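A quick write-up on the structure given underneath.
A quick note: this is a predicted structure, and the numbers were derived from the prediction, not measured. Chain A is the first sequence line, chain B the second, and so forth, proteins listed ahead of strands; every chain is numbered from 1.
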Amino acid sequence: MIKKYWIEDLAQAEGQKVEVEGWLHRVRKLGKLAFILIKDKTGIVQGVITGKPPFLAEISGEQAVRVTGTVTPSKQQPLGVEIQVEEIEVLGPVLQELPFELNQAEISAGLEHVLDHRVLSLRHPKTASVFKIQSGIIKAFRQFLDKEKFTEIHTPKIVATGTEGGSELFEIKYFDQKAYLAQSPQFYKQMAVGSGLQRVYEVGPVYRAEPHNTSRHLSELISLDLEMGFISGLEDILKLEEEMLRYIFAYLEEYHSQDLALFDATLPEVKTIPRLTIKEIGSILEKEYKKPLEILDLDSESERLISQYVKKEMGSDFLFATHYGKDARPMYTQPSAHDSDVTESFDMIFRGLKMNSGAQRVHEYDVLVNNIKEKGLDPAEFASYLEIFQFGMPPHGGYAIGVERLVIKILNLSNVREAVLFPRDRFRLTP
RNA sequence: GGAGCUGUAGUGUAGAGGCCUAACAUGCCUGCCUGUCACGCAGGAGACCGAGGGUUCGAAUCCCUUCAGCUCCGCCA
């Protein structure tokens, strides 16, 4: 029995006859000698075919193949070895011309075309790396929070009402009732905190029916959500996020440096992240960029500008913008004790783009009911959410990160859709 | 929802009233080549220039309609 190897491990098999499975990345025929590049998910190896064996006529790029041969040393090859090919079995043939070239350093095709043929674009090592890195971020997120005694939960994505009344919801048919796709696990994760799980997180999809059509919006995105009970204030949440980011970037550096190397990207250094209140940001923007804030909220241009400023003046890629205005935040956000105009809320801005919002939440029943009324909503509709607030709800808070945005800012990609396996946007529903 | 821009072989681009029987690169097909590594060389196929209408002696090129896409804004992660 011939032993099967992952390509990245082939150096250990020098001198042995091995079997490798993968896809043909490139075929170079030079008369009675041919070179092939075989890729699997771990790497690429060169195969050498001497003479003109019968299988040579059958092979071409992107076929799924099983290659048998002997591993020999080769100084010029990245792995230090190559395979003297004896046999190639085509497991999955290619039946038509490829929609774009997969063996160049970059896929040179428009994003729309790439996404129309998503499965094939994922065959490209660089595209695949985007998702290996995304997987690494999520794994690090889980590891860090597990260590901090959080419990991973899964909340319903089919819900009866919206959470904040703000962003638009997809309506769906639920037997004979009307239902919606959840735009956030917000209520459920708070309920879980009050339930005694105390610290919870969730990795899952959220849905936004906003008809926006930009390079940073999706209709379905993966939200990294967490909520923590018994906090003394907003600062506890900020500290948690700071440590979490440090953990995630250290993890990427350790386990994904090869994936990262394919991109024009440098991992950020997470020192103490500057905290600036919206009011402070307002005066900086006015002084530095002649752009005063009209309300206690940031538009995307302000986010870009203040992010530039913080990078230049404080040397940080990150910023916590804190204490947003009451009108700019949902009803479950804790109002500030020292200033009734603002809330104990924050956004984390990374390289000019908002990554997440978070806050200390209201935990007092009366305040919450009152806030609901102030936003023009009916407390009766929130009965199932409100129940736990009458049975020992601790002070708590949390945040939610859009993982796609984090990925594009780490990798210096220009469109969030590049960071989704099968994106759903304003117009795209397939593949 | 609003504004601006773009649609030309499989892919990426050039052409901006007559030079177009539409060019270049790459991919594809055929042949040659025993150390290539973006292999090379020779040959070949492949586009009614997004669609429909109009202006003009003449339209890929100008105008209108329509469809598709991109960017930005609003809003959000």
Expressed as a whole number of Å, how far does the C1' atom of rA60(B) sit from that of rC48(B)? 11 Å

Relative to the ring of Y247(A), is the ring of F144(A) parallel (under 30°), tilted (30 to 60°) or perpendicular (over 60°)? tilted

If you check every side-chain atom of S215(A), which of rC72(B), rC76(B), rU11(B) has the closest atom? rC72(B)

From rA77(B), rU71(B), rC73(B), pick the nucleotide closest to the side chain of L221(A)? rA77(B)

Please state the C1' separation for the pair rG35(B) and rG40(B) - nearest whole angstrom. 13 Å

Between rG54(B) and rA59(B), how far apart are the two P atoms, rounded to whole Å? 12 Å

Between rC72(B) atom P and R216(A) atom CZ, what is the distance in whole Å? 7 Å

Base-pairing assignment for rC49(B) (Watson-Crick or G-U wobble, both under 3.5 Å): none

Let me know the distance between CG of L353(A) and P of rC75(B), rounded to the nearest Å. 16 Å

Would you mind telling me which of rC76(B), rU11(B), rC73(B) lies closest to the side-chain atoms of R304(A)? rC73(B)

The residue, G402(A) or R417(A), whose nearest nucleotide of RNA chain B is more 5′ is R417(A)

Salt bridge (Lys or Arg N to Asp or Glu O under 4.0 Å) between E202(A) and K189(A), worked out: CA-CA 8 Å; E202(A) 175 165 15; K189(A) 64 181 186 171; over 6 Å; no

Can you list the residues that meet the side-chain hydrogen bond (donor to acceptor under 3.5 Å, both in side chains) rule with E220(A), with sequence neighbours excluded? Y207(A)

Using a 4.0 Å heavy-atom cut-off to protein, can you give one letter per nucleotide of nucleotides 28-36 of chain B, 5' to 3': B if the base is in contact, S if only the sugar-phosphate is, - if neither? S----BBBB

Base, sugar-phosphate, or nothing: which does L218(A) touch, judged by heavy atoms less than 4.0 Å apart? base

What about R208(A): does its side chain form a donor-acceptor pair under 3.5 Å with the base of rA77(B)? yes

Flag yes if more than 12 heavy atoms outside E253(A) fall under 6.0 Å of its CD atom; otherwise flag no. no

I want to verify a distance call: between rU11(B), rA38(B), rC73(B), whose nearest atom is closest to the A109(A) side chain? rU11(B)

How do S219(A) and S414(A) order along RNA chain B: which one's closest nucleotide is nearer the 5' end? S414(A)

Taking any strand in view, what nucleotide pairs with rG12(B) in a Watson-Crick or G-U wobble way, both distances under 3.5 Å? rC24(B)

If the C1' atom of rA47(B) is compared with that of rC28(B), how far apart are they to the nearest Å? 15 Å

Distance, P atom - from rG17(B) to rG7(B), rounded to whole angstrom: 15 Å

If the cut-off is 4.0 Å, is N103(A) near the phosphate of rU26(B), judged by side-chain N/O to OP1 or OP2? no

Between CG of D297(A) and P of rC75(B) the distance, given in whole Å, is 7 Å

Taking side chain as C-beta onward, heavy atoms only, is L298(A) less than 4.5 Å from I281(A)? yes

Could you tell me whether S223(A) contacts a base, only the sugar-phosphate backbone, or nothing, with contacts defined as non-hydrogen atoms closer than 4.0 Å? nothing

I'd like to know if E86(A) pairs up with K17(A) as an ion pair, taking the criterion as any Lys NZ or Arg NE/NH1/NH2 lying under 4.0 Å from an Asp or Glu carboxylate oxygen. yes

Can a salt bridge be assigned to the pair E242(A) and K271(A) using a cut-off of 4.0 Å between side-chain N and carboxylate O? no

Tell me if the aromatic rings of F141(A) and Y201(A) count as close, with their centers under 6.0 Å from one another. yes

Please give the distance between the P atoms of rA25(B) and rU36(B) as a whole number of Å. 24 Å

Answer yes or no: does a side-chain N or O of S300(A) lie under 4.0 Å from OP1 or OP2 of rC73(B)? yes

